[in-house]
Structure formats: C-alpha cells, structure tokens
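Each ligand, and each atom within it, is numbered from 1 in the order the structure gives. Residue numbers run from 1 in the order of the sequence given.
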Amino acid sequence: MSVQSTIRRKTAPDIRARKNGEPIVMLTSYHAHTAALVDRHCDVILVGDSLGNVMHGFETTVPVTLDMMILQGHAVMRGSQHALVVVDMPFGCYEASREQAFHSAVRILKETHCGAVKLEGGERMAETVAFLAGRGIPVMGHIGLTPQSINTLGSFRAQGREEGSWEPIENDARAISQAGAFSVVIEAVAEPLARKITETIAIPTIGIGASAACDGQVLVLEDMLGLSARTPKFVHRYGNLGPMIEAAIEGYAADVRSRAFPAPEHVYGMKAKG
Ligand code: KIV
C-alpha cells in the first residue's frame with residue numbers, strides 16, 4: 001500500500017507560471033509553529049538567512065551557517081504542507097565555485113526536503129544558477145540590495161535610486177532570468193526600476209521594499225508582526241505582537257509570584273478530599 005501523501009505542495013514551476021498572473025504571496029518562517037500559520041495563506045515560505053538577525057541577534061547574515069539553515073529548513077518543512085519552501089544558501093557556501101554551490105544545495109534539498117534554494121547575486125552568479133538549474137535544483141535569485149555583501153556595500157542602503165545607477169541591476173535581473181532561475185527577489189530598489197525589470201524579464205519578480213510593481217511580495221514575518229528589534233523603514237506592520245506577548249509573560253510572572261498559578265486540581269479535574 002502506498003503511504004505517499006495526497007497533499008500536493010506548490011512547486012517551483014507552479015511559481016514560475018505565475019508571471020503576470022495572480023500575485024505571489026511569500027513570507028519568511030524559521031520554525032514549525034510559524035510555518036503552520038504561514039502555510040495557510042502563502043504560496044512560498046522562505047527560510048531566510050535573516051534568521052541570523054531575527055533568531056540569533058547577529059548584526060548581519062554573514063555568520064549564518066549551512067547547518068543552521070538546514071536545521072530550520074527541516075523544521076519549516078515539518079510544519080507546512082502546501083507552500084513551496086525555499087531555503088536560503090548562506091554566505092560562504094556557494095560563491096567559491098559552481099561545484100561548491102551544487103554540493104551545498106544538494107545538502108539543503110536532501111536534508112530538509114525543501115523544494116528550492118535561494119542565493120544572492122546577479123551577473124556574477126549567473127553561471128552558478130545555470131549549473132544548479134541544469135542539474136535539478138530550482139533556484140530563486142536575489143538582486144538589488146544583497147545583505148550578505150554588507151561588508152563590501154558598507155550599509156543597507158536602497159539601490160538604484162538614480163536612473164544612472166539602474167543598468168547593473170537591470171543586467172543582474174536579465175542574467176539571473178536567462179540562467180534559468182524560476183523567480184527572483186528584488187530588494188530595496190526604487191519603484192520605476194522594479195517596474196521596468198518586472199516588465200522586461202521572463203520570470204516572476206518578488207519585491208521586498210521594491211513597490212507593488214513586482215509579481216509578488218515577501219516580508220520577514222517578525223518584521224510585519226512587530227516582533228523585530230529593528231525593522232526596515234519600508235515594512236508595513238500588520239500587527240504589533242511585541243506588547244501582547246509581553247503582557248502575557250507579565251501576567252504569568254505575576255500569577256507565579258502571587259501563588260495564583262492555576263492549581264493542578266483545577267487543571268486535572270481532581271476532587272478535593274472532604
Ligand atoms: O533572508 C531573508 O529573509 C531574505 C528576505 C529578506 C528576502 O532574504
């Protein structure tokens with residue numbers, strides 16, 4: 001008897017086919033419990049290397065390791081059923097050569113069972129994207145602001161603010177699309193440039209701080225829920241869970257201190273002796 005699941009997850013080709021169609025909804029998740037919530041409403045769950053900032057309190061994503069991504073990627077796969085899960089390739093595990101990228105991506109796919117990987121970089125990564133895509137590894141690109149390059153960029157500034165600086169970003173988008181990526185994240189670029197790229201390239205663009213002109217949107221879940229210590233200016237907050245969580249913790253601490261903590265009799269339905 002077959003034990004295969006009857007639930008069909010979205011695939012990279014499903015997302016690729018959404019070009020100029022219904023907008024793609026994507027959020028990050030790093031855990032099984034948030035993945036289960038995100039899965040009900042999103043087409044794609046990104047296990048972003050932003051987990052370095054959000055979960056671990058690092059200043060940048062540079063210290064994030066492949067093992068960290070695999071651990072959280074596996075958790076997100078266990079928590080979700082429908083969305084395509086994309087796992088970020090962290091800094092240092094793919095830039096040295098296309099072979100290095102292949103071995104890292106294979107580990108991610110085999111050890112998490114996710115459906116695709118994401119890597120940062122445009123023209124300079126095109127050969128690697130083609131190498132992976134040609135060997136059965138769906139790749140999502142990431143251009144514009146690429147946070148893993150913070151040490152050469154110097155700051156997390158928006159890209160392509162003046163028309164004179166658009167060309168390299170347009171070239172990056174074209175190169176990643178032509179290399180066979182199934183979609184590309186465009187981070188922190190001005191609206192006219194995001195629109196131009198979206199209208200020009202063959203694959204869906206997924207914006208973060210890049211306007212509604214893209215084929216889809218992604219946000220870091222904790223940013224849009226008001227749970228991050230620092231939130232980029234472009235993020236719209238859909239909730240403010242920080243104070244709610246703190247109020248619950250405060251209530252618990254007060255109950256414990258005043259011995260008003262729910263009694264076991266109440267919880268387990270034990271009758272008092274009498
Ligand atoms: O790591 C991440 O969460 C990302 C998104 C910001 C796109 O790459």
Side-chain angles (χ1 to χ4, degrees), residues 15 23-31 34-35 38 42-66 68-73 75-76 80 83-95 104-105 108 112 114 116-122 125 129 138-150 153 156-159 169 172-173 176 181-189 194 197 203-211 214-225 227-238:
I15 301 305
I24 297 158
V25 186
M26 172 161 141
L27 274 175
T28 62
S29 167
Y30 320 122
H31 326 96
T34 54
V38 170
C42 290
D43 304 300
V44 184
I45 304 179
L46 173 65
V47 186
D49 63 353
S50 53
L51 65 79
N53 312 101
V54 176
M55 285 178 66
H56 297 275
F58 294 142
E59 284 290 315
T60 73
T61 54
V62 172
V64 175
T65 66
L66 190 53
M68 288 161 83
M69 297 308 304
I70 288 172
L71 191 64
Q72 303 317 133
V76 167
S80 62
L84 170 68
V85 173
V86 179
V87 175
D88 249 342
M89 300 190 71
F91 178 69
C93 84
Y94 64 94
E95 302 90 332
S104 300
I108 292 175
T112 70
C114 74
V117 297
K118 174 165 86 58
L119 55 79
E120 294 185 8
M125 292 312 302
V129 171
V139 182
M140 178 180 277
H142 184 154
I143 60 165
L145 176 62
T146 48
Q148 291 176 10
S149 303
I150 182 63
L153 289 173
F156 295 109
R157 252 197 334 268
Q159 307 290 298
I169 306 174
D172 283 344
I176 290 298
F182 70 93
S183 61
V184 62
V185 167
I186 308 183
E187 180 161 356
V189 308
I197 291 172
I203 57 173
T205 57
I206 302 179
I208 174 160
S211 85
C214 298
D215 295 299
Q217 298 294 326
V218 59
L219 283 176
V220 171
L221 181 67
E222 284 78 357
D223 287 352
M224 60 90 103
L225 293 179
L227 283 172
S228 297
R230 272 176 299 165
T231 307
K233 273 192 239 136
F234 58 76
V235 173
H236 177 77
R237 275 199 185 171
Y238 288 82

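At a 4.0 Å heavy-atom cut-off, ligand 1 touches I208 through the side chain alone. At a heavy-atom cutoff of 4.0 Å, ligand 1 is contacted by the side chain of D88 but not by its backbone. Contacts with ligand 1 closer than 4.0 Å are made by no heavy atom of T61, backbone or side chain.
Under the 30°/60° scheme for interplanar angles, the aromatic rings of Y238 and H236 are found to stand perpendicular.
With hydrogens and angles ignored, the 3.5 Å screen pairs a side-chain donor or acceptor of Q217 with a backbone N or O of S211. Judged by distance alone, with hydrogens and angles left aside, the side-chain atoms of S228 form no donor-acceptor pair with the main-chain N or O of R230 at under 3.5 Å. Using a distance-only test at 3.5 Å, with no hydrogens or angles considered, no donor-acceptor pair links the side chain of D215 to the main chain of P23. No side-chain donor-acceptor contact under 3.5 Å links T28 to the backbone of G48. The closest donor-acceptor contact from the side chain of Y30 to the backbone of A75 lies at 3.5 Å or more, if one exists at all.
Scanning the protein for heavy atoms near atom 8 (O) of ligand 1, the closest one is K118 NZ, 2.9 Å. With respect to atom 3 (O) of ligand 1, the closest heavy atom belonging to the protein is S50 OG, 2.5 Å. Among all protein heavy atoms, the one lying closest to atom 5 (C) of ligand 1 is L46 CD2, 3.7 Å.
In terms of N/O distances under 3.5 Å, ligand 1 is not approached by Y30.
The ligand atoms of ligand 1 that sit less than 4.0 angstrom from a heavy atom of T28 are 3 (O). Counting the atoms of ligand 1 from 1 in the order shown, those under 4.0 Å from a heavy atom of G48 are 1 (O), 2 (C), 3 (O).
Shown are V86, I70, V47; of these, the side chain to side chain contact (heavy atoms under 4.5 Å, CB included) with I108 is made only by I70.
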